[in-house]
4 protein chains.
Amino acid sequence: MPKLGMEPLRRKALVDAALSAIGDQGTLTVTMSDIARRAGVSPALAHHYFGSKDELLIATIRSLLADLRRDTIHALNAAASPRARVSALIRVSFHAGQFAPETVAAWLAFYSQAQSSEAMRHLLVLYARRLHSNLVVNLAALCPPDLARGIAEGAAALIDGLYLRRALAAAPLSRERSIALTEAYVDAALARARIEMPAEGRHA
Amino acid sequence: MPKLGMEPLRRKALVDAALSAIGDQGTLTVTMSDIARRAGVSPALAHHYFGSKDELLIATIRSLLADLRRDTIHALNAAASPRARVSALIRVSFHAGQFAPETVAAWLAFYSQAQSSEAMRHLLVLYARRLHSNLVVNLAALCPPDLARGIAEGAAALIDGLYLRRALAAAPLSRERSIALTEAYVDAALARARIEMPAEGRHA
Amino acid sequence: MPKLGMEPLRRKALVDAALSAIGDQGTLTVTMSDIARRAGVSPALAHHYFGSKDELLIATIRSLLADLRRDTIHALNAAASPRARVSALIRVSFHAGQFAPETVAAWLAFYSQAQSSEAMRHLLVLYARRLHSNLVVNLAALCPPDLARGIAEGAAALIDGLYLRRALAAAPLSRERSIALTEAYVDAALARARIEMPAEGRHA
Amino acid sequence: MPKLGMEPLRRKALVDAALSAIGDQGTLTVTMSDIARRAGVSPALAHHYFGSKDELLIATIRSLLADLRRDTIHALNAAASPRARVSALIRVSFHAGQFAPETVAAWLAFYSQAQSSEAMRHLLVLYARRLHSNLVVNLAALCPPDLARGIAEGAAALIDGLYLRRALAAAPLSRERSIALTEAYVDAALARARIEMPAEGRHA
DNA sequence: CATGAATGAGTTTTCATTCAT
DNA sequence: TATGAATGAAAACTCATTCAT
């Protein structure tokens, strides 16, 4: 029952199917057949639209990152102050959709794959840079630039680490607790900055 | 030319070969043939000693964890105070051998595999619990138990996150910087605790 | 935007596309998609007009042979004597269009396919018979019939062999040299006939 | 029932199976499964020993050429004079084994493949050069060098052409007739040389 | 007339695993 | 103890072909 204009629908269905398959099995070694089955199409169609498994995988992480970016932009726009924007970045990182066990498992699989796929690594690095830069820009309004960079690095690492622990599903740190932990980290670091250099006043 | 008493040597050679193969390729999909070749034996022998690829993989992560455990015990024994022991735990986590790119890549691959292998997950959970408990015990001497747990969770997550970023090899946080960042996290958290509850005095 | 009277145009475009695809890749394993793309239509249309890949291939060699036949008739009509007609046959065989590397590659592919396709073999046999008979008829005016047959066989084989060597593109025998070689063959054979049987006089 | 030292046996069996499969079907598109089945092994074993289909195919033509070379050397050694060596080269070319329909079909398939495989082309060019050079060396003892080259080119092309016609299996030129035709070509060409330049005397 | 959508059947290739020696 | 020999099972990928529109 062929219909016109199916391509974008199929592409999306396949990318979603890939994400869910990877999330379920926690590995990129999921088969094209498995993904296709989840999307309700033949494996041949998946190849038809994406050319190869690798490209489907790339499209999949790209989609994950695009979601994250969209949410980030939205959250930043809704925040009124630098500190609020830092909180927004943290909250978005632990956004329900991103923090679901399957999504976390998929992230992990992509990170692992990045060891051997330059394209994959590139995408993940872009994401890391974007988060870092967003954090630094807003933290710089609250403390000296050097410190802002340090806090940004720490916060980003903390976020990633909390994801990783989530993947283990052993110490089931909740979304809220993860956010609280990260906020506390930022607060403590900023507080310390204020104590150690009380004379420096406000930062633009 | 079979020799007597080769078993432990072969097992070690195969585990080391597996670790280096996984580290190089960043994935557990390395082949038994590849591992066997690195160990200088036939794939059949790898099966002879380990029964299956899965079991060789389990033995490999077990070896990684055993190393870490040995180093940890040693470092803890050499530290004189609770705070020094916390530092020792941090330092061991970023120990040169563990923090080498190949080892980090291997860790990541194991975490990823843990999604679908109960045995793998179990081992990683054990390691996570051990680190957590070591941290809590020593932090509890410096702050209230609840806070100690929070700091321990944060520090452990931070360590894992710094590993993960190391795996990306994009923001090449050095070993020293990673240690400093984690120490700063602990210091800031403890300092905050002291400010917020100055009257509480010493903790056992 | 379907148009009326497109059928002959499409058929020709597809046959030409098939020939060029086969010539470029030197094999009949070119895909229908490739051929259709070159013709600027969808693979489905190629099927619509030809029913199957096999039939398109048959139509393609048929077209090649039709061209050759047309050229042959034309060249024979323009020649004034039996010997000139033999030369005409030789020249036509090495006609620029036929002797282009891509066309030679296509010929070779068809010959190869003839091993397993009766239809293909039939067409090539027809061509071979026609050339043979044309040669014999004209050579018989210059020598005894038996010898004429022998020379025709030799000349035809020589032509095919020169094609084959052209396909290799290693000893790049030019069109002119190929013609000269074949002419020399005929001359030598005829000369020999005259020496060995000088008394026989003219042949009809 | 594994035995030691099977490798050379399997390699030979696979190469022979490939040759017969290609000969039967007249195409290199025979499947590895088909070849393996003929050799009595699994497709996986064929890959194990040859790495890929392409390499098995290369090994196959290599074997064909090696046979031819061996026969050639043998025949040349058994011939007492330059003219006898030319005859030997002709006879070897039409040697029973090489001239069997399946072998001829295989040759044709390889020539066809040479259009797109540099390795294949290289091997066929080597063979062509060797035959040419063998012919020239011996013909040069019977006529001027320039003419020797011309005759060699013609004879080689004639041989190839007779093969090609054999592949068609339409004008079933026998082995003997093919040899006779080629010998006649050489004789006629040499005779002509003697008539046209009677003063030149013997050639070294 | 023309095509985008879709797939079944098949092909190469890989790899963990087994087993006789 | 050790391995060369061998394979079943599965995976990615290809392609001629069909069909509703």
Side-chain angles (χ1 to χ4, degrees), chain A residues 1-7 9-10 29-36 39-56, chain B residues 1-7 9-10 29-36 40-57, chain C residues 1-7 9-10 29-36 40-57, chain D residues 1-7 9-10 29-36 39-56:
Chain A
M1 47 209 110
K3 287 172 189 171
L4 291 181
M6 292 302 284
E7 175 152 358
L9 300 181
R10 293 302 192 202
T29 59
V30 287
T31 71
M32 285 296 262
S33 291
D34 190 9
I35 294 171
V41 300
S42 71
L45 196 69
H47 275 96
H48 177 65
Y49 282 127
F50 288 94
S52 74
K53 183 182 173 184
D54 262 19
E55 287 183 62
L56 171 53
Chain B
M1 46 201 116
K3 289 172 188 166
L4 292 180
M6 289 304 282
E7 175 152 0
L9 297 180
R10 294 299 195 198
T29 60
V30 288
T31 70
M32 285 294 263
S33 291
D34 190 8
I35 295 170
V41 300
S42 71
L45 195 67
H47 271 90
H48 178 65
Y49 281 127
F50 290 93
S52 75
K53 184 183 174 183
D54 266 14
E55 288 182 64
L56 170 52
L57 255 26
Chain C
M1 43 202 116
K3 288 173 188 166
L4 294 179
M6 290 302 282
E7 175 151 358
L9 297 180
R10 295 297 197 202
T29 60
V30 287
T31 71
M32 285 296 263
S33 291
D34 190 9
I35 294 171
V41 300
S42 71
L45 196 67
H47 272 90
H48 179 64
Y49 281 127
F50 290 93
S52 76
K53 183 182 175 182
D54 265 14
E55 289 184 62
L56 171 52
L57 256 25
Chain D
M1 46 206 112
K3 288 172 187 168
L4 291 181
M6 292 303 284
E7 175 153 359
L9 300 181
R10 293 303 192 200
T29 59
V30 287
T31 70
M32 285 295 263
S33 291
D34 189 10
I35 294 171
V41 300
S42 71
L45 196 69
H47 276 94
H48 177 65
Y49 282 127
F50 289 93
S52 74
K53 183 181 172 183
D54 260 20
E55 287 183 65
L56 170 52

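A note on names: the letters A, B, ... follow the listed sequences, proteins ahead of strands, and every chain is numbered from 1.
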With the side chain defined as heavy atoms from C-beta on, A44(B) is closest, among dC15(F), dG4(F), dT17(F), to dG4(F)
Ignoring the backbone of K53(C), work out which of dT12(E), dT17(F), dC13(F) is nearest its side chain. dT17(F)
Report the distance from atom [atom1] of [X] to atom [atom2] of [N], rounded to the nearest whole Å.
X: H47(D); N: dG8(F); atom1: NE2; atom2: P; value: 15 Å
X: I35(A); N: dA11(F); atom1: CD1; atom2: P; value: 12 Å
X: L56(C); N: dT17(F); atom1: CG; atom2: P; value: 10 Å
X: F50(C); N: dT18(F); atom1: CZ; atom2: C1'; value: 18 Å
X: E7(D); N: dT21(E); atom1: CD; atom2: P; value: 19 Å
X: M6(A); N: dC19(F); atom1: CE; atom2: C1'; value: 15 Å
X: M32(A); N: dT14(E); atom1: CE; atom2: P; value: 18 Å
X: E55(B); N: dA16(E); atom1: CD; atom2: P; value: 15 Å

What distance do [X] atom [atom1] and [Y] atom [atom2] have between them, rounded to the nearest 0.5 Å?
X: R10(D); Y: H48(D); atom1: CZ; atom2: NE2; result: 11.0 Å
X: D34(A); Y: M32(A); atom1: CG; atom2: CE; result: 11.5 Å
X: L57(B); Y: E55(B); atom1: CG; atom2: CD; result: 10.5 Å

Opposite nucleotide pairing with dG4(F), Watson-Crick or G-U, both atom distances under 3.5 Å: dC19(E)
Are H48(C) and dC1(E) close enough that a side-chain N or O sits under 4.0 Å from OP1 or OP2? yes
Below the 4.0 Å mark, does dG4(F) have OP1 or OP2 next to a side-chain nitrogen or oxygen of R10(D)? no
Describe the nucleic acid contact of Y49(D) in one word from base, sugar-phosphate, nothing, applying a heavy-atom distance below 4.0 Å. sugar-phosphate
Any base atoms under 4.0 Å from S42(D), or only sugar-phosphate, or nothing? Heavy atoms, all strands. base
Non-hydrogen atoms of S33(C) and P43(C) that approach each other most closely: OG-CG, 3.7 Å
5' precedence on DNA chain F between T31(C) and L45(B) (nearest-nucleotide basis): L45(B)
Taking the nucleotide of DNA chain E with the closest heavy atom to each, which residue, V30(D) or S33(B), is nearer the 5' end? V30(D)
Where the side chain of K53(D) meets the backbone of V30(D), is there a donor-acceptor pair that is under 3.5 Å apart? yes
